[in-house]
S.K.: 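Sharing a structure below in structure tokens format, with a few things to ask.
Just follow the structure's listing: the first ligand is 1, and inside any ligand the first atom is 1. Computed over heavy atoms, backbone and side chain alike; hydrogens, waters and symmetry mates excluded. Quick caveat, the model's predicted, so the values are computed rather than measured.
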Amino acid sequence: MSRPVVFSGIQPTGAIHIGNYFGAIKQWVAGQDDAENIFCLVDMHALTVPQEPEALRGQILETATVLLAAGIDPAKSRLFVQSHVREHGELAWYLSCVASMGQMQRMTQFKEKSESQRGEVRVGLFTYPILMAADILLYRTTQVPVGDDQRQHIELTRDLAQRFNATYGEAFVLPEPAIPKAGARIMGLDDPTKKMSKSAPGSYHAVRVLDSPDVIKKTVMAAQTDSGRDVRADPARPGVTNLLAIYAAATGTTIEAAEAHFADARGYGDVKKELVDILVETLRPLRERYAELSAVPGTVHALLAQGARAVRPTARDTVDTVKRAMGAG
Ligand code: ATP
Ligand code: MG
């Protein structure tokens, strides 16, 4: 058997939060020895909602630096910017000629994201899952470590690959999602009924991985909880359930183990205080390493260029296969 190929991406849409970290990045770092790893800063996806050009450019570099600080090792993993490898856009076009409107209209994330857009909703926001399918299929990916919100998009990727293979002959490998047991869906601290998101407004919405201990404390202590005292995971109590989920993800245990740990807690305040300490310690090495790396931004730029050069031949080969199979060119 050949080695697994792991691919995953992150949008440079804002400060990386603990949902991104526990849902995705922690898995990327942990699996680096077991596979060929490709991690992508998906700047073309970020453009599906309005972005300020200068800010976007800065966020690409910041996001790359956070990933390196979190432990992505350039000796083991490729890290690059999506728009540096033009085959992503190219394959997305061919796949959009395979995808059906009905299939695309079932994507729930489009419904959620388009509702939060004031003014016009861009076509790219609707077709974005096709570009994501292209990202994954270009590299003959076998595993996609992501948070739970991406499950439906991976399913679409598999459907498109299957449909293509059945129509034009075997070109694509079918990828599997890899979704962690704890931390796959961290909710907003200001509203535990909504997924924690980079692009959501509000400073109390999320703990960001670069937050100072002081800010982490303020944000966690302000987290919305209900009026009960019982520290139990329960769909009727999304606030405390979310705190338990974060605790479980940060300590590498389960929600049940987190409940048992807090069995004697006197209320939610106890849980929050312990969670602050754990998050401050979990994120400390990342914060320190980030400060070191951002002192030499040239290194990160060079690494990104090197990453793009390394992945491009495989991407080109896949697009050429697809074009040939479809009769283009
Ligand atoms: P945006 O609001 O711009 O979409 P985001 O916070 O959703 O930002 P993405 O860049 O879209 O982040 O996703 C990067 C990775 O983080 C994906 O694998 C996604 O599944 C995961 N992820 C995002 N939010 C969460 C969350 N709240 N809990 C767990 N994983 C998450
Ligand atoms: Mg997202």
S.K.: Any N or O of Met196 that comes nearer than 3.5 Å to an N or O of ligand 1?
M.R.: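 Between Met196 and ligand 1, an N or O pair is found under 3.5 Å apart.
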S.K.: Quick one: which of Glu112, Gln27, Lys113 has a heavy atom closest to atom 4 (O) of ligand 1?
M.R.: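 The option holding the nearest heavy atom is Lys113.
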S.K.: So, Arg185 and Asp149, do they make that salt bridge, N to O below 4.0 Å?
M.R.: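 Answer for the salt bridge query: no.
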S.K.: Mind listing the closest non-hydrogen atom pair of Ala249 and Lys26 along with its distance?
M.R.: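 Scanning both residues completely, I find the closest heavy atoms to be O-NZ, 3.0 Å.
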S.K.: Between Val146 and ligand 1, find which residue part has any heavy-atom pair under 4.0 Å and reply side chain, backbone, both or neither.
M.R.: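 Both parts.
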S.K.: Just do the side chain to side chain donor-acceptor pair (under 3.5 Å) check on Thr251 and Thr253 with the steps written out, would you?
M.R.: CA-CA 6 Å; Thr251 54; Thr253 54; 3.1 Å; yes
S.K.: Considering non-hydrogen atoms only, spot the tightest contact between Ala64 and Val300 and give its length.
M.R.: CB-CG1, 3.8 Å
S.K.: Relative to the ring of Phe80, is the ring of Tyr139 parallel (under 30°), tilted (30 to 60°) or perpendicular (over 60°)?
M.R.: perpendicular
S.K.: With atoms numbered from 1 as shown, which atoms in ligand 1 lie under 4.0 angstrom from a non-hydrogen atom of Gly183?
M.R.: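 It comes down to these atoms of ligand 1: 29 (C).
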S.K.: For ligand 1, is any non-hydrogen atom under 4.0 Å from Ala24's backbone (N, CA, C, O), its side chain (CB onward), both, or neither?
M.R.: side chain
S.K.: Output the list of atoms in ligand 1 that are nearer than 4.0 Å to some heavy atom of Ser197, sorted by atom number.
M.R.: 2 (O), 6 (O)
S.K.: Does Thr13 approach ligand 1 within less than 4.0 angstrom via side chain, backbone, both or neither, non-hydrogen atoms only?
M.R.: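 It is the side chain that gets close, since no backbone atom is under 4.0 Å.
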S.K.: Once you restrict to heavy atoms under 4.0 Å, what part of Lys198 touches ligand 1? Side chain, backbone, both or neither.
M.R.: both
S.K.: Could you tell me whether Trp28 and ligand 1 have an N or O pair separated by under 3.5 Å?
M.R.: no
S.K.: Heavy atoms only: which of Pro12, Gly147, Ala15, Ala46 lies closest to atom 18 (O) of ligand 1?
M.R.: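 Looking at heavy atoms only, Gly147 sits closest to atom 18 (O) of ligand 1.
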S.K.: Ile186 versus ligand 1: do any nitrogen or oxygen atoms come within less than 3.5 Å of each other?
M.R.: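 So ligand 1 has an N or O lying under 3.5 Å from an N or O of Ile186.
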S.K.: Just which atoms of ligand 1 are under 4.0 Å from any heavy atom in Ser199?
M.R.: 1 (P), 2 (O), 3 (O)
S.K.: Which atoms of ligand 1 are found less than 4.0 Å from any heavy atom of Gly23?
M.R.: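 Those of ligand 1 that fall under 4.0 Å from Gly23 are 29 (C), 30 (N).
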S.K.: List ligand 1 atoms under 4.0 Å from Ile10, heavy atoms only on the residue side.
M.R.: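 So the answer, numbered in order with elements, is 10 (O), 14 (C).
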S.K.: Where does His17 meet ligand 1, judged by heavy-atom distances below 4.0 Å: at the side chain, the backbone, both, or neither?
M.R.: side chain
